[in-house]
Amino acid sequence: MSIKWRLTAWYTSILAVMLVLFGASIYGFVRFYTYGEVKNRLVEQAERIVNSQNFSLTQGLDFYLEPSQAQRLEDAQLYVQIHNYTKGNSRFSRNMLDRELVFPVPDVSSASNSNGFQNMTISGYSFILYQVPIHLNGNVIGLVQLGAYTGAEDRLLERMKSILFIGGTISVVLASTFGLFLARKSMEPIGKVIEAANGIQTGNDLSVRIDYEGPHDEIGGLIGTVNSMLGRMEGFYNNLDEAYSTQRRFVSDASHELRTPLTTIRGNVDLLKKIWKSEEDETSGMDAQAIRKLSLEAVTDIAGESERMSRLVNDMLSLARADAGQIMAKEMLPLEPLVEEVIRRAQFLPRNATWIQGDMSMLGSVSVNGNKDYLQQMLFIFIENAFKYTPSGSVTMDVIRADEQIGLRISDTGIGMDRSEVPHIFERFYRADPSRGVTPGTGLGLSIAKWIIDEHEGSVEVLTRLGEGTTFVIWLPAVFHALPE
């Protein structure tokens with residue numbers, strides 16, 4: 001059974017129970033009040049009749065019903081029968097005589113216990129009968145029976161019962177119909193949620209959202225939550241797809257980078273095998289000096305390619321640590337000795353450009369919260385990159401300041417790059433120069449440098465022009481101390 005049918009069934013059942021209870025309460029109250037008024041009149045008139053009887057042994061224990069009193073009882077639609085147990089006769093009000101009505105008289109032994117009300121039907125008429133025994137000297141000598149015709153009250157209550165039953169039935173039917181209609185209207189947004197979920201399940205479009213223009217109630221909250229969940233799912237899916245694409249590109253580039261040195265190593269190994277085989281073969285025609293020269297060249301190539309592979313593996317290991325969320329150990333470091341050590345060691349790097357140290361005066365009052373080894377590695381990456389792409393000219397490093405940040409600026413007059421390539425230079429294995437594979441490198445250095453900068457809550461600014469050079473500014477949050485006077 002669907003939710004809308006269950007809601008309708010529950011609503012209808014609860015309403016039916018409430019209507020039954022309400023109708024029964026109303027009917028019971030009206031019945032009690034209606035018959036209660038009749039019973040009060042019977043009790044009041046019975047007391048008057050009993051009190052009006054003056055009898056004694058000398059009067060023969062006879063009972064009288066005065067005409068004026070009987071007339072009042074007829075006007076009140078009350079029927080009176082007084083039975084005399086001593087004489088065995090009964091006196092009746094005129095309306096009883098006219099209708100030939102006789103109330104059943106209990107025997108004298110049970111008359112003393114007959115005080116109370118009885119519902120009975122006599123000659124097709126319904127009555128409430130009230131009986132009061134008359135005592136003399138402790139003995140029952142008579143019985144006053146006062147009856148009230150309740151046909152009108154019975155018909156009223158029957159009509160009321162029918163009205164309550166028919167009205168309750170119609171109310172339940174109408175409520176069920178409107179309840180089912182409202183349940184369907186209320187469940188329409190849920191149907192949209194199911195439709196959207198099925199569409200996402202069977203398709204690849206995660207941009208589908210559920211349109212809802214109703215009030216911000218529970219249904220609106222549910223649809224808002226589902227839309228937010230779909231948005232997050234779309235973001236996760238896009239990030240995952242991007243991660244898979246990056247992973248595939250990473251594997252492809254890593255395979256490309258590793259294939260070249262492996263091919264070179266394998267070629268040189270094959271060359272050494274041939275040389276050493278020819279050395280054993282006296283008919284090869286090669287002298288010992290030529291063999292040693294070729295062997296040295298092959299071993300040199302193998303060593304160079306091995307070193308290149310080692311750098312590539314180390315870079316990939318650094319990036320793997322970055323992807324794994326490795327947390328750097330940081331401490332408050334004075335920046336001046338760290339940068340001076342980098343500048344001193346940078347002049348010994350292989351280069352064709354002139355290494356120029358710019359203005360470093362403001363470093364004496366600067367400290368940063370960072371890791372010394374990673375910060376130096378980051379600076380060497382930018383410096384080596386500048387040397388690599390500056391075949392002639394100069395590479396300069398200086399320091400600038402902006403608010404509470406210190407900027408380490410590394411500028412070169414090298415080949416530069418097109419501005420459209422700037423957003424991609426920090427991607428793994430991306431090489432901006434057109435001579436990919438000619439200029440040595442793995443394309444991972446700037447990715448590692450960007451990770452180090454991000455870990456230090458810094459940023460990097462790139463200024464470049466093709467053929468004129470490139471400037472990198474590494475901004476780091478810093479603490480500036482007052483200089484001693």
Side-chain angles (χ1 to χ4, degrees), residues 253 257 260-261 300-301 303-316 318-319 335 337-360 363 372-400 407-419 421-422 424-453 458 460-476:
D253 291 340
E257 295 291 340
T260 301
T300 302
D301 289 340
E305 295 299 333
S306 298
E307 183 178 356
R308 178 182 174 186
M309 289 179 61
S310 178
R311 287 198 305 269
L312 176 62
V313 171
N314 288 333
D315 290 343
M316 292 175 66
S318 297
L319 291 176
L335 195 56
L338 186 149
V339 174
E340 287 180 349
E341 183 177 354
V342 171
I343 293 175
R344 179 184 61 81
R345 293 167 55 186
Q347 62 184 339
F348 301 108
L349 295 175
R351 56 189 171 86
N352 294 321
T354 303
W355 174 236
I356 300 175
Q357 176 181 340
D359 184 11
M360 300 288 177
L363 286 180
K372 177 181 178 182
D373 294 335
Y374 279 111
L375 286 175
Q376 288 184 340
Q377 180 184 3
M378 178 266 295
L379 291 175
F380 277 120
I381 289 173
F382 284 110
I383 294 172
E384 289 178 339
N385 194 71
F387 286 157
K388 188 187 304 181
Y389 294 105
T390 308
S392 62
S394 62
V395 176
T396 305
M397 180 175 179
D398 59 359
V399 178
I400 57 177
L408 303 175
R409 183 167 56 187
I410 301 172
S411 306
D412 65 66
T413 59
I415 63 176
M417 70 185 89
D418 190 84
R419 292 185 178 180
E421 296 177 314
V422 172
H424 306 288
I425 60 176
F426 295 104
E427 296 178 2
R428 299 175 185 182
F429 292 106
Y430 182 83
R431 303 283 293 280
D433 64 295
S435 58
R436 179 186 175 103
V438 177
T439 303
T442 63
L444 296 177
L446 290 181
S447 299
I448 298 173
K450 183 63 168 61
W451 167 64
I452 296 174
I453 294 172
V460 58
E461 181 180 354
V462 184
L463 304 174
T464 185
R465 180 172 292 180
L466 189 62
E468 296 184 9
T470 303
T471 298
F472 290 94
V473 182
I474 300 97
W475 294 103
L476 297 174

Quiz item: How long is the gap from NZ on Lys450 to CD1 on Ile381, to the nearest 0.5 Å?
Solution: 13.0 Å

Practice problem: Measure the spacing between CD1 of Ile410 and CD of Glu384 and express it to the nearest 0.5 Å. | Solution: 10.5 Å

Quiz prompt | By ring pair (Phe, Tyr, Trp, His ring centres under 6.0 Å) - contacts of Trp475 (at least two apart) | solution = none

Quiz prompt | Partners passing side chain to side chain donor-acceptor pair (under 3.5 Å) against Asp398 (at least two apart in sequence or in another chain) | solution = Arg409

Quiz item: Taking the side chain as C-beta and beyond, is there a heavy-atom pair between Thr390 and Asn352 under 4.5 Å?
Solution: no

Quiz item: Any side-chain heavy atom of Arg419 within less than 4.5 Å of one from Arg465?
Solution: yes

Exercise. Could you check Phe387 against Val395 for side chain to side chain contact (heavy atoms under 4.5 Å, CB included), going step by step and ending with a plain yes or no?
Key: CA-CA 7 Å; Phe387 286 157; Val395 176; 3.6 Å; yes

Quiz item: Rounded to the nearest 0.5 Å, how far apart are CE of Met378 and CD1 of Ile448?
Solution: 12.5 Å

Quiz prompt | Point-to-point distance, once rounded to the nearest 0.5 Å, from CG of Leu408 to CG of Leu363 | solution = 7.0 Å

Practice problem: Measure the spacing between CE of Met397 and CD1 of Ile474 and express it to the nearest 0.5 Å. | Solution: 7.0 Å

Quiz item: What orientation do Phe472 and Phe382 show, parallel under 30°, tilted 30 to 60°, or perpendicular over 60°?
Solution: tilted

Quiz item: Side-chain contact, heavy-atom cut-off 4.5 Å: Phe426 with Val460?
Solution: yes

Exercise. Report the residues that fulfil side chain to side chain donor-acceptor pair (under 3.5 Å) with Ser411, sequence neighbours left out, ordered by chain and then residue number.
Key: Thr471

Validation: residues 337-344 side-chain donor-acceptor distances under 3.5 Å, sequence neighbours left out:
unit_1	atom_1	unit_2	atom_2	d
Glu341	OE1	Gln376	NE2	3.1

Exercise. Only counting residues at least two apart or in another chain, list the ones meeting side chain to side chain donor-acceptor pair (under 3.5 Å) with Thr464.
Key: Thr470

Quiz prompt | Residues which pass side-chain contact (heavy atoms from CB on, under 4.5 Å) with Thr396, listed by chain and number, not counting sequence neighbours | solution = Ile356, Ser394

